[in-house]
Peer 1: 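Take a look at this one; I'll ask things after.
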Amino acid sequence: MLWNYVIGSMLAVFGVGSVFIFHTLTLSGDEAVYLMMVMMVSVLVMLGAELVVYRSHIKPIRRLFESEAVEEEEVRHAFRRAHRFPILTVQRILGPHLFGLAVPASGLSLLGIYNGWISLPYYYIGLAWSGAVLIAVMHALVEFFLTFRSVNPLLASLLERAGQLGFDVYHTESDYYLSIRRKLMVSSIFTAVFPVLLFILASQIRLAESAGNGIEEYWSWASIIVVVILAMGSISSMLLYKSIEDPMGTFREQFDQVRVGRFEKMDNVYSDEFSNLVTGFNHMVSGIKDRDEENERLLESFFTVFAATLDARDPYTAGHSQRVAEYSVWIARRAGFSEEEMDLLRKSALLHDIGKIGIRDDVLLKDGRLTDEEFEQIKKHPVIGYDILQQVQLPEPLRPVLPGVRNHHERFDGKGYPDQLAGDDIPVFGRLMAVADAYDAMTSDRPYRKGMPEEEALSIIEEGRGTQWDPYFADLFLEEMSERRAPVEAVSTR
């Protein structure tokens with residue numbers, strides 16, 4: 001920042017300013033020396049005034065690095081101050097910089113005119129102020145953009161320091177935001193107007209020194225020129241901003257789509273730098289889609305491995321989880337579930353008995369009917385499965401599978417387990433899977449009994465609708481099975 005400031009000051013004060021003075025005015029050697037001394041004294045006053053203000057601006061940032069005992073609000077204050085540094089730079093240049101230079105320069109120049117050390121009209125002081133304001137604005141504009149570049153490493157150091165102090169600070173406040181539109185408007189208009197105004201000012205002085213003929217007509221003409229340039233500068237800056245704003249709006253919409261999980265590529269219709277951004281965005285979308293597909297495959301493998309693990313432990317229930325998942329999806333499709341809901345339901349069904357991993361072999365694999373104590377052990381498997389998946393720390397989108405695992409043995413009348421929930425208090429996945437799970441359990445072989453015929457199992461479900469099972473999901477399953485059995489019965493009749 002200091003290096004940028006030195007360059008900008010030299011350019012403004014000793015570059016444009018001194019050239020403007022010494023190549024516009026007709027001065028003797030002594031007058032030139034006096035004005036050079038005036039400039040040197042004024043620069044020293046300016047630097048002193050600006051240093052005082054700069055130290056005030058930098059104080060919150062210095063405190064963050066110099067003190068170990070800082071509050072979170074002090075950290076945020078330092079970040080806000082760093083983000084506002086480009087604006088603060090403009091304030092310093094249009095404040096202590098401008099007035100620290102112009103006030104002593106004006107006073108010393110007036111003193112020189114009064115004492116005859118320089119032979120200039122008094123109203124030249126007013127013209128000098130006009131030139132000083134123009135040069136200060138130009139300097140502020142240059143410093144504004146240079147400070148934007150130099151403040152980035154500072155912000156990186158602030159982030160690192162905040163982390164060392166145990167704070168996690170990300171800027172979201174609107175006062176950090178500096179509109180591109182405003183920056184383009186100001187820079188475009190000033191870039192267009194500045195050289196013309198400076199030329200007009202210098203020309204006026206030249207006219208005044210050449211007996212002042214035609215000054216009124218000159219200023220009338222100059223005013224029209226300034227108005228036209230202002231209009232052209234405004235229009236061109238608006239057109240330039242629109243050419244940037246429209247692609248930025250498109251990118252914002254596309255990123256919003258990515259945020260909600262819609263990965264669509266953009267049409268590359270640009271012939272400028274935005275073309276590279278579109279290409280990069282499309283590469284990013286392709287990468288995200290590929291990674292999502294890979295993650296989905298890994299998740300599918302995760303659920304399948306869990307289900308296969310249980311099947312390998314209990315050969316008598318092999319394929320049970322897969323069949324329950326299939327039956328559950330049949331019911332869900334009739335109920336109008338979305339594809340996303342059906343996918344979660346299928347995953348939940350695949351894992352619904354995973355808690356049986358925690359049941360002892362002599363109970364789970366017993367070749368005969370269970371005692372009451374052994375059945376109480378079996379009844380713990382929904383909670384065991386739920387706890388296992390809690391420890392896995394499923395991502396938020398997959399957490400809806402948990403209620404189905406925990407509550408697929410609840411009864412509609414409240415006499416089930418483990419939570420004795422009733423009616424609609426039972427999670428929807430639990431109510432639906434209870435029908436599919438019961439049907440497959442009744443029709444599957446066990447060590448101590450043969451699986452019952454489909455007709456008998458369906459009859460039991462019909463009788464238990466409203467007591468053991470949710471009548472809505474039970475009816476949907478009965479309808480599904482009736483339609484699926486009808487073609488088979490027609491073939492067997494023929």
Side-chain angles (χ1 to χ4, degrees), residues 307 310 316-317 319-338 341-356 369-370 372 375-376 378-386 400-446 448-486:
L310 185 60
Y316 287 102
T317 61
H320 170 68
S321 297
Q322 292 283 358
R323 291 191 298 272
V324 171
E326 184 178 10
Y327 298 152
S328 297
V329 170
W330 290 356
I331 300 171
R333 186 171 289 111
R334 279 188 172 270
F337 282 29
S338 68
E341 290 171 326
M342 285 192 288
D343 183 61
L344 288 170
L345 174 65
R346 187 181 63 82
K347 289 180 170 65
S348 184
L350 286 173
L351 299 179
H352 78 284
D353 273 346
I354 194 62
K356 288 183 178 178
R369 290 190 177 276
L370 300 174
D372 290 343
F375 186 60
E376 288 300 318
I378 289 289
K379 287 168 64 174
K380 293 179 180 179
H381 79 268
V383 175
I384 295 173
Y386 178 83
V401 307
L402 294 175
V405 173
R406 184 182 181 95
N407 300 118
H408 65 277
H409 278 296
E410 302 287 356
R411 287 174 54 108
F412 202 69
D413 57 11
K415 298 179 181 179
Y417 60 88
D419 301 317
Q420 291 79 49
L421 301 177
D424 291 341
D425 289 339
I426 305 171
V428 65
F429 279 11
R431 280 182 281 139
L432 188 153
M433 286 163 50
V435 178
D437 184 46
Y439 175 77
D440 190 72
M442 288 187 286
T443 56
S444 299
D445 293 337
R446 291 290 186 267
Y448 53 87
R449 66 161 173 81
K450 187 76 172 172
M452 66 179 63
E454 292 183 0
E455 295 84 353
E456 185 178 351
L458 293 173
S459 177
I460 292 174
I461 290 176
E462 186 170 9
E463 291 173 4
R465 56 184 301 279
T467 54
Q468 183 167 352
W469 298 289
D470 184 316
Y472 175 63
F473 292 128
D475 286 343
L476 292 179
F477 183 67
L478 292 171
E479 291 172 9
E480 179 73 23
M481 294 303 294
S482 176
E483 290 184 9
R484 288 180 177 274
R485 295 175 66 222

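Fair warning: this is a prediction, and the values are worked out from it, not measured in the lab. Worth knowing before you read on, the calculation uses all heavy atoms, side chains too, and leaves out hydrogens, waters and symmetry mates.
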Peer 1: Can you confirm whether Phe412 sits close enough to Pro471 that some side-chain heavy atom of one is under 4.5 Å from a side-chain heavy atom of the other?
Peer 2: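 The answer is yes; the side chains approach within 4.5 Å.
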Peer 1: Between Arg333 and Met342, is there a side-chain heavy-atom distance shorter than 4.5 Å?
Peer 2: yes
Peer 1: My understanding is that only residues two or more places apart in sequence, or in another chain, count here; which of them pass salt bridge (Lys or Arg N to Asp or Glu O under 4.0 Å) with Arg334?
Peer 2: Glu479, Glu480, Glu483
Peer 1: Less than 3.5 Å apart, which donor and acceptor atoms pair up between the side chains of residues 458-466 and the rest of the protein, not counting sequence neighbours?
Peer 2:
residue : atom : partner : partner atom : Å
Arg465  : NE   : Asp475  : OD1          : 2.7
Arg465  : NH2  : Asp475  : OD1          : 3.4
Arg465  : NH2  : Asp475  : OD2          : 2.7

Peer 1: Is there a side-chain contact (heavy atoms from CB on, under 4.5 Å) between Ser321 and Leu351? Walk through the geometry before answering.
Peer 2: CA-CA 7 Å; Ser321 297; Leu351 299 179; over 6 Å; no
Peer 1: To the nearest 0.5 Å, how far apart are OG in Ser348 and CG in Asn407?
Peer 2: 9.5 Å
Peer 1: Is a salt bridge present between Arg323 and Glu326, judged by a nitrogen-to-oxygen distance below 4.0 Å?
Peer 2: no
Peer 1: Could you give the distance from CD1 (Ile384) to CZ (Arg406), rounded to the nearest 0.5 Å?
Peer 2: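 One finds 11.5 Å between CD1 of Ile384 and CZ of Arg406.
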Peer 1: Pick out which of Pro418, Pro427, Pro382 makes a side chain to side chain contact (heavy atoms under 4.5 Å, CB included) with Glu410.
Peer 2: Pro418
Peer 1: Using 30° and 60° as the class limits, which term best fits the ring planes of His381 and Tyr417: parallel, tilted or perpendicular?
Peer 2: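 Rings of His381 and Tyr417: perpendicular, over 60°.
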Peer 1: Going by heavy atoms in the side chains, are Arg484 and Trp330 under 4.5 Å from each other?
Peer 2: yes
Peer 1: Between Pro453 and Thr443, which heavy-atom pair has the shortest distance, and what is it?
Peer 2: O-CG2, 4.5 Å
Peer 1: Tell me whether Glu456 contacts the main-chain N or O of Met452 through its side chain, where contact means a donor paired with an acceptor under 3.5 Å.
Peer 2: no
Peer 1: Identify the heavy atoms of Tyr439 and Glu454 that sit nearest to each other, and give their distance.
Peer 2: OH-CG, 3.1 Å
Peer 1: Got a list of side-chain donor-acceptor pairs under 3.5 Å for residues 430-437, not counting sequence neighbours?
Peer 2:
residue : atom : partner : partner atom : Å
Arg431  : NE   : Ile426  : O            : 2.9
Arg431  : NH1  : Asp470  : OD2          : 2.8
Asp437  : OD1  : His320  : NE2          : 2.8
Asp437  : OD1  : His352  : NE2          : 3.1

Peer 1: So, does Ser482 use its side chain to make a donor-acceptor pair with the main chain of Leu478 at under 3.5 Å?
Peer 2: no
Peer 1: Could you grab the distance from atom NZ of Lys415 to atom CD of Gln468, nearest 0.5 Å is fine?
Peer 2: 11.0 Å
Peer 1: Rounded to the nearest 0.5 Å, how far apart are CG of Leu345 and CZ of Phe429?
Peer 2: 5.0 Å
